[in-house]
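Everything on this sheet refers to the single structure shown next.
All values below were derived from every heavy atom in this structure, side-chain atoms included, with hydrogens, water molecules and symmetry-related copies excluded.
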Amino acid sequence: MESIQLLGLLGQSAPAAADLHYPWYVAASYFAAAVLFILGLKRMSSPVTARSGIVWAGYGMVIATIATFLVPGLQNLGLMLGGIVLGTVVAWVSGKKVAITDMPQMVALYNGMGGGSAAAIGAVVLYDQAAKATGAPGLAGEAAAAAFPMSYAILAVIGALIGAVSFSGSLVAFAKLQGLMEKRIALPGQNAINLVLFLAALGLGAMIIFQLDWRLITAFFLICLVLGVLVTMPIGGADMPVVISLYNAFTGLAVAFEGYVTQNAALIIAGTVVGAAGMLLTQLMAKAMNRPISGVLFSSFGGSSQAQGEIKGSQKAIEPSDAAALLYMAEKVVIVPGYGLAVAQAQHKIWELSQQLIKRDKEVKFAIHPVAGRMPGHMNVLLAEAGVPYDLIVDMDDINPEFPTVDVAIVIGANDVVNPAAKTDKSSPIYGMPILDVASAKQTIVVKRGKGTGFAGIENLLFYQDNTRMLFADGQDAANKLIAELKAIDSGGGH
């Protein structure tokens, strides 16, 4: 929606956009779209209604887009239609082709596009005012700034700053998740550099409010874009779900601010709702990691040289036949999925394994950590795609008290979110982070391709416990072997 607003503003004077009064039918359409956005977001809060919530919000976006074309005096209709067609084709094709493992990258990229569009709207407004300041005879920059309402100027600058940081930061997040960039790159004096850039951006923004000048505006945007890159570069992979959520909130706020500048009710309401929801989600996820948001941005973990206490014991391997025997004798089984499950595209096979256990009267549940995977809700999306019933999926706070009664816990692809070091090792970077208490299960089977550390680069003490066995295999291959072994036991050919 913000992209369509941007295309409509191109070639249209900023004061006209700022002082625009929409016809009643356009305003009513924007209001209806905003209501659908809010109701859709509400329905997204439950896995049962999430799909319909997305559809409702989509209807709202269609209504808002159509209403934009009904604004009197709108220019660049051809450019707008071309943008819609191009964006629709790219989104449709990429949405069909992108694997579930690459979904976090796509979310980060699309989120960045929203922030970039909001920043571009601010750029159109500010550059237009600067052009008037230099193009009108006898009109100085200060006078032009005075003619442009200060509230519009302030929000245009703030929205542009937030949107530009979200845009460039989201692109860096995309590059990290896609493997195009190292997971963590820190410069000497990183925080000091970021602080200087932030203060410079604030200073230039204040100058722009009082004196519109294209050179100041250009410098302002360049610094904001560089700031987004440098802030995101040192953030490690373990913090990436929080970062994606935070930039989503930034994008919403930027859209809301620029919506006020263009007096677009749909952008104001939708941006405010997305920004508020994004900030709440970010706080919840930061709490789930026992890390303040400032810690994520300025003292992230996730590198290859993490301090950690001495590791005692050794990893003990288990054969698929023995693992199947444990499952066959168990009464209660909890499966803990992680990003490795997505990489192996094993969600369907794991659900098939679960169905085999359920047929044998085993109690099966799936335990989800709030920051498992590479984006908020990643594991929920993964299991929903495989057809896992929602009532079998349990959150961390609800499942943790049950682990002492669990006969076998299967960890597949998860690492840092089940690491007991978060509770026992004060030298560990994840100390204090709430985790899934898999270590208290009677037996634990960890499905893992090798002995390497997780995305955060931290050794997992769970792998060295006496009641833990390592099934070294690809997730999908391990599930196939366990299913075959269970059937062999039933037929008398197994243990």
Side-chain angles (χ1 to χ4, degrees), residues 41-54 100-101 103-104 107 241-242 244-245 277 280-281 284-285 287-289 327 330-418 433-441 444-447 475-476 478-479 482-483:
L41 186 62
K42 170 63 178 175
R43 295 183 70 80
M44 290 180 208
S45 63
S46 169
V48 179
T49 58
R51 185 184 296 271
S52 63
I54 294 174
I100 191 69
T101 51
M103 194 63 68
V107 171
V242 183
I244 292 177
S245 177
L280 178 60
L281 177 61
L284 291 174
M285 297 185 72
K287 181 180 179 181
M289 298 180 67
L327 293 174
E331 294 183 1
K332 186 173 184 178
V333 177
V334 171
I335 300 172
V336 180
Y339 184 66
L341 180 71
V343 172
Q345 299 184 22
Q347 60 270 27
H348 296 280
K349 282 297 177 180
I350 288 297
W351 173 230
E352 185 180 339
L353 171 63
S354 303
Q355 290 175 305
Q356 290 293 327
L357 295 172
I358 293 171
K359 287 179 182 178
R360 292 165 175 78
D361 297 324
K362 316 296 183 184
E363 181 183 357
V364 178
K365 293 182 179 180
F366 290 80
I368 306 296
H369 191 281
V371 295
R374 296 292 182 267
M375 69 177 185
H378 193 183
M379 293 301 104
N380 299 79
V381 173
L382 202 70
L383 297 179
E385 184 201 28
V388 177
Y390 302 123
D391 58 350
L392 298 186
I393 302 174
V394 188
D395 292 333
M396 176 181 67
D397 292 337
D398 295 326
I399 196 65
N400 270 347
E402 297 187 33
F403 273 113
T405 65
V406 173
D407 296 306
V408 179
I410 304 176
V411 178
I412 175 167
N415 199 315
D416 305 307
V417 297
V418 296
M433 182 181 88
I435 60 168
L436 290 164
D437 291 331
V438 176
S440 61
T444 300
I445 300 172
V446 177
V447 178
Q476 192 167 162
L482 290 174
I483 292 171

Please report the interatomic distance CD1(Ile393) to CG(Leu383), rounded to the nearest 0.5 Å. 4.5 Å

Start with the C-alpha gap between Leu392 and Trp351, add the side-chain angles, then the distance that decides, and say whether side-chain contact (heavy atoms from CB on, under 4.5 Å) holds. CA-CA 11 Å; Leu392 298 186; Trp351 173 230; 3.8 Å; yes

Is the side chain of Lys332 donor-acceptor paired with the backbone N or O of Thr405 at a distance under 3.5 Å, no angle test? no

From Ile410 atom CD1 to Ile350 atom CD1, the distance as rounded to the nearest 0.5 Å: 6.5 Å

Heavy atoms of Gly475 and Ala346 approach each other most closely as C-CB, 3.6 Å

Gap separating the NZ atom of Lys349 from the CG atom of Leu341, nearest 0.5 angstrom: 13.5 Å

Would a 4.5 Å heavy-atom cut-off, applied to side chains only, mark Glu385 and His348 as touching? yes

Is atom CD of Glu331 surrounded by more than 12 heavy atoms (other residues, nucleotides or ligands) closer than 6.0 Å? no

Taking all non-hydrogen atoms of both residues into account, name the closest pair between Gln347 and Ala386 and its distance. O-CB, 3.6 Å

Can you give me the closest heavy-atom contact between Phe366 and Ser354, atom names plus distance? CZ-OG, 3.2 Å

For Val418 and Ile435, what are the C-alpha separation, side-chain angles and deciding distance, and is it a side-chain contact (heavy atoms from CB on, under 4.5 Å)? CA-CA 5 Å; Val418 296; Ile435 60 168; 5.9 Å; no

On a heavy-atom basis, the closest approach of Ile399 and Ala367 is CG2-CB, 3.8 Å

Closest non-hydrogen atom pair, Ala372 against Met379: CB-CG, 3.6 Å

Glu402 CD to Asp437 CG distance, which is reported to the nearest 0.5 Å: 12.0 Å

Using only atom types and a distance under 3.5 Å, with no angle test, would you say the side chain of His369 pairs donor to acceptor with the backbone of Pro434? yes

Can you name the closest pair of heavy atoms from Met433 and Asp416 and give their distance? CE-O, 3.5 Å

Straight-line distance of Ile335 CD1 to Ile412 CD1, nearest 0.5 Å: 8.0 Å

Before giving the answer on side-chain contact (heavy atoms from CB on, under 4.5 Å), spell out for Val411 and Val447 the whole-Å C-alpha distance, their side-chain angles and the decisive distance to 0.1 Å. CA-CA 6 Å; Val411 178; Val447 178; over 6 Å; no

Separation of Thr444 OG1 from Asp407 CG (nearest 0.5 Å): 11.0 Å

